Amino acid sequence: MKPAIIVHGGAWDIPDEEVKPHREGCERAVTAGWAVLDGGGSALDAVQAAVAAMEDDPTFDAGYGAALNAAGEVELDAMLMDGASLRAGAVAAVRFVRNPIVLARAVMEQSEHLLLVGEGAWRFAASQGVALCSPEELVVERETARYRQLRSQASSTTRQFFQRQPRGTVGAVAIDWHGHLAAATSTGGTPLKLPGRVGDSALIGCGTYADDATGAVSASGWGESIMRVVLAKTICDLMGTGFDSKEAAREGIAILGRKVQGLGGVIAINPRGQVGWAFNTPRMAYAYKIHGAEVVTGI
Ligand code: ASP
């Protein structure tokens, strides 16, 4: 099987001046994931490497640079899933962790659980030697300014952010030389979300899903809508019934818009290594690499 990887850097109304850093950040992430695949590594390791690269990049709403919640704090959600075994690990509403995708992997491999939240998640990080950081280390000036501006407005909803405000959840899906699939997603969630709010990214089948038999998907967008149509699993199921990855991604986004007036974007890969993507937000940043071809970026 020839390896392939596709990443996204969030589905939202990316302003023109942010296009370049989004393209470049997605390209760096694909390159990091591709290095793993090219070296014979697993799809799971590749999606983790790609997502960790974007968590470290302040351009995106994940890890360092994440959006602030209603209390002015960073709370992170992340999940990865192995399509070969259907094992998965996730963390939600976690603080003090710079790379929640690394912690999600530890949950998958070092605990008997799938999802840990809040204090339990960061305490588990400490017990597993996953690096902790101070809350301030995750905050960038851009997000503090945005928080102040949003707080000064009389009313705002989490849905509006996917129309006009910067967002940048990150995700990756890949296939390796052995034909195994994996998916990973990481996010700071929606600006001004209530403390303790969990979005689609860390919920299995909603923002993230992988099954070698059907496909792998990572989503971005208004989480409250994505969860209601269990978007990632819905798209995997479509691939399992004969839709190719592009058609399945498009149909999934159509379902999201039609059934719950949702807003978002997805990346997908099928067991033949075909990549697909779709979004109904003004823009979504993405990049992919297929064996034997150059990296392609889009926005
Ligand atoms: N889907 C994420 C959430 O609702 C946000 C995003 O994709 O930007 O938490």
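Remember, it's a predicted structure, so these values are computed and weren't measured experimentally. Note that ligands are numbered from 1 as they come in the structure, with each ligand's atoms numbered from 1 the same way. For reference, positions follow the sequence shown, starting with 1.
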Practice task
Would you please say whether a donor-acceptor pair under 3.5 Å links the side chains of Glu27 and Thr297?
Solution key: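 Thr297 and Glu27 do not have a side-chain donor-acceptor pair below 3.5 Å.
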Problem - Side-chain H-bond candidate by donor/acceptor type, Thr59 with His22, under 3.5 Å - result: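 There is no such pair (donor and acceptor under 3.5 Å, judged by atom type) between the side chains of Thr59 and His22.
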Handout entry: Heavy atom of Gly221, distance to ligand 1 below 4.0 Å
Key =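 Right, Gly221 reaches ligand 1.
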Problem - Close approach of Lys193 to ligand 1, heavy atoms, under 4.0 angstrom - result: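 Flag not set, Lys193 not near ligand 1.
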Practice task
Check whether any side-chain heavy atom of Glu73 lies under 4.5 Å from a side-chain heavy atom of Arg95, and answer yes or no.
Solution key: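 In contact.
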Output the list of atoms in ligand 1 that are nearer than 4.0 Å to some heavy atom of [X], sorted by atom number.
| X | result |
| --- | --- |
| Thr169 | 2 (C), 5 (C), 6 (C), 7 (O), 8 (O) |
| Gly223 | 4 (O) |
| Ser220 | 6 (C), 7 (O), 8 (O) |

Exercise for the section: Answer yes or no: does an N/O atom from Arg197 fall short of 3.5 Å to an N/O atom of ligand 1? Expected result: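 Such a contact does occur with ligand 1.
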Handout entry: Backbone or side-chain N or O of Thr187 under 3.5 Å from ligand 1 N or O
Key =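 Between Thr187 and ligand 1, no N or O pair is found under 3.5 Å apart.
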Practice task
Just do the side chain to side chain contact (heavy atoms under 4.5 Å, CB included) check on Ile204 and Leu114 with the steps written out, would you?
Solution key: CA-CA 9 Å; Ile204 190 162; Leu114 193 152; 3.9 Å; yes
Exercise for the section: For ligand 1, note which part of Met284 has a heavy atom under 4.0 Å away: side chain, backbone, both or neither. Expected result: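 Contact part for Met284 vs ligand 1: neither.
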Practice task
For the pair Tyr288 and Tyr286, name the ring-plane relationship: parallel under 30°, tilted 30 to 60°, perpendicular over 60°.
Solution key: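 Judged by the thresholds at 30° and 60°, the geometry between Tyr288 and Tyr286 is parallel.
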Practice task
Hey, could you give me the NZ/CH2 distance between Lys246 and Trp277, rounded to the nearest 0.5 Å?
Solution key: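 Here the rounded value is 4.5 Å.
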